[in-house]
Protein chains: 2
Amino acid sequence: MENEQIKQAGLKVTAPRIKILGILERSGKRHMSAEDVYKELLSQDEEIGLATVYRVLTQFEGAGLVCRRHFESGQSVFELNNGEHHDHLVCIKCGAIVEFLDPTIETRQKRIAAEHHFKIEDHSLVVYGLCPNCQGTR
Amino acid sequence: MENEQIKQAGLKVTAPRIKILGILERSGKRHMSAEDVYKELLSQDEEIGLATVYRVLTQFEGAGLVCRRHFESGQSVFELNNGEHHDHLVCIKCGAIVEFLDPTIETRQKRIAAEHHFKIEDHSLVVYGLCPNCQGTR
DNA sequence: TGGAAAACTGAAAATCTTTCGCATCTTGTC
DNA sequence: GACAAGATGCGAAAGATTTTCAGTTTTCCA
Ligand SMILES: [Mn+2]
Ligand SMILES: [Mn+2]
Ligand SMILES: [Zn+2]
Ligand SMILES: [Zn+2]
């Protein structure tokens, strides 16, 4: 359970960490902002401050338990790291997110970095658009 | 000169706008944050407030004169819009930026959006890594 | 198990970047 | 030149995230 993952990540097992990891695993939403997590905690009558949520999410990120994403919404969103990289398709109207992985794109990126003698470290690809549900309306 | 571009963009020709556009055109750096532009103005003894810099850059963006980018640095950077879309390779150590355009990637993105029935609106691809100069050191 | 060191926590204050409110100027037009 | 519409500068405010700090909690080992 959570305790093990936290311990293996090299972090002390504390109530806030267990609770927050549990929320990320079971809340339904795969991509959550710190605020989202905080609200979920509140709704469960947990006494955990927002600063702690930020702190824990950042630690989880450092430990590789979660990935932080910067979509153009002003706030970071976090998702459990399942070990496999992927990119995102984001609906600019309703916020719906579709994950995808395109080997061709991944390959081209590596080639481009190599051509410019860059040692690639990471990348972020986000495609913004309107999801099927949001295309009719305005 | 600047006056014409500003006028054609449908904006009144004012001193701050002329000065800021001039800086974007002649400052050497192609990608500048609002703060960068502001500092440059200060160094030229211009009495232009930071709020005005943000305002003007946002207006320029709306008018299509500049593009706003969100690299993971916390602040937006702006660059003159030369009409051609491109993506970026960013050095995580020194901040060096290389621009590139890969038709294959562009095509794949469109296909992926189509497969998910998304009406693509925009996209952001940034590859982070170490530039040639920054690879030796730590 | 006992207890101290190390790590962690919540709340409040501090940062940082960006935007607002508004009184005061400018610009474009007649 | 006179005027309305639009811009500017300034300080305050906002929103997201981080830091500080004093009081807990967890770990670890005797
Ligand atoms: Mn994802
Ligand atoms: Mn560019
Ligand atoms: Zn949608
Ligand atoms: Zn570099």
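Convention: sequence-line order gives letters A, B, ...; per-chain numbering from 1.
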Proximal nucleotide (of D:dT19, D:dT27, D:dC10) relative to the B:A51 side chain: D:dC10
Interatomic distance where CG belongs to B:D36 and P belongs to C:dC16 [whole Å]: 16 Å
Pair of N/O donor and acceptor under 3.5 Å linking D:dT17 base with A:R68 side chain: no
Between C1' of C:dT27 and CG of B:L11, the distance in whole Å: 13 Å
N/O (side chain, A:Y54) to phosphate O (OP1/OP2, D:dT17) under 4.0 Å: yes
Nearest-0.5 Å distance, CG of residue B:D36 to CD of residue B:Q75: 6.5 Å
Nucleotide nearest B:T58 (side chain, heavy atoms from C-beta), chosen from C:dT19, C:dT26, D:dG9: C:dT19
Sugar-phosphate only, base, or nothing, as touched by A:S33 at under 4.0 Å among non-hydrogen atoms: nothing
Sugar-phosphate only, base, or nothing, as touched by A:T14 at under 4.0 Å among non-hydrogen atoms: sugar-phosphate
Spacing of B:E46 atom CD and B:T52 atom OG1 [to the nearest 0.5 Å]: 12.0 Å
OP1 or OP2 of D:dT17 under 4.0 Å from side-chain N/O of A:S76: yes
For atom CD of B:Q75 and atom C1' of D:dG15, their distance in whole Å: 16 Å
A:R108/A:E115 ion pair, N-O < 4.0 Å: no
Any side-chain donor near an acceptor of the partner, A:H117 and B:Q135, under 3.5 Å: no
Nearest-nucleotide comparison on DNA chain C, the residue closer to the 5′ end among A:P16 and B:E35: A:P16
Spacing of A:Y38 atom OH relative to D:dG15 atom C1', expressed in whole Å: 15 Å
Parallel, tilted or perpendicular: ring planes of A:F71 versus A:H31, cut at 30 and 60 degrees: tilted
Integer-rounded Å distance: C:dA11 C1' and A:E46 CD: 18 Å
Separation of C:dT17 P from A:H70 NE2 (nearest whole Å): 14 Å
Length of the CZ-P vector between B:R55 and C:dC20, whole Å: 10 Å
For atom CG of B:L50 and atom C1' of C:dC20, their distance in whole Å: 13 Å
Sugar-phosphate, base or nothing in reach of B:E47, heavy atoms under 4.0 Å: sugar-phosphate
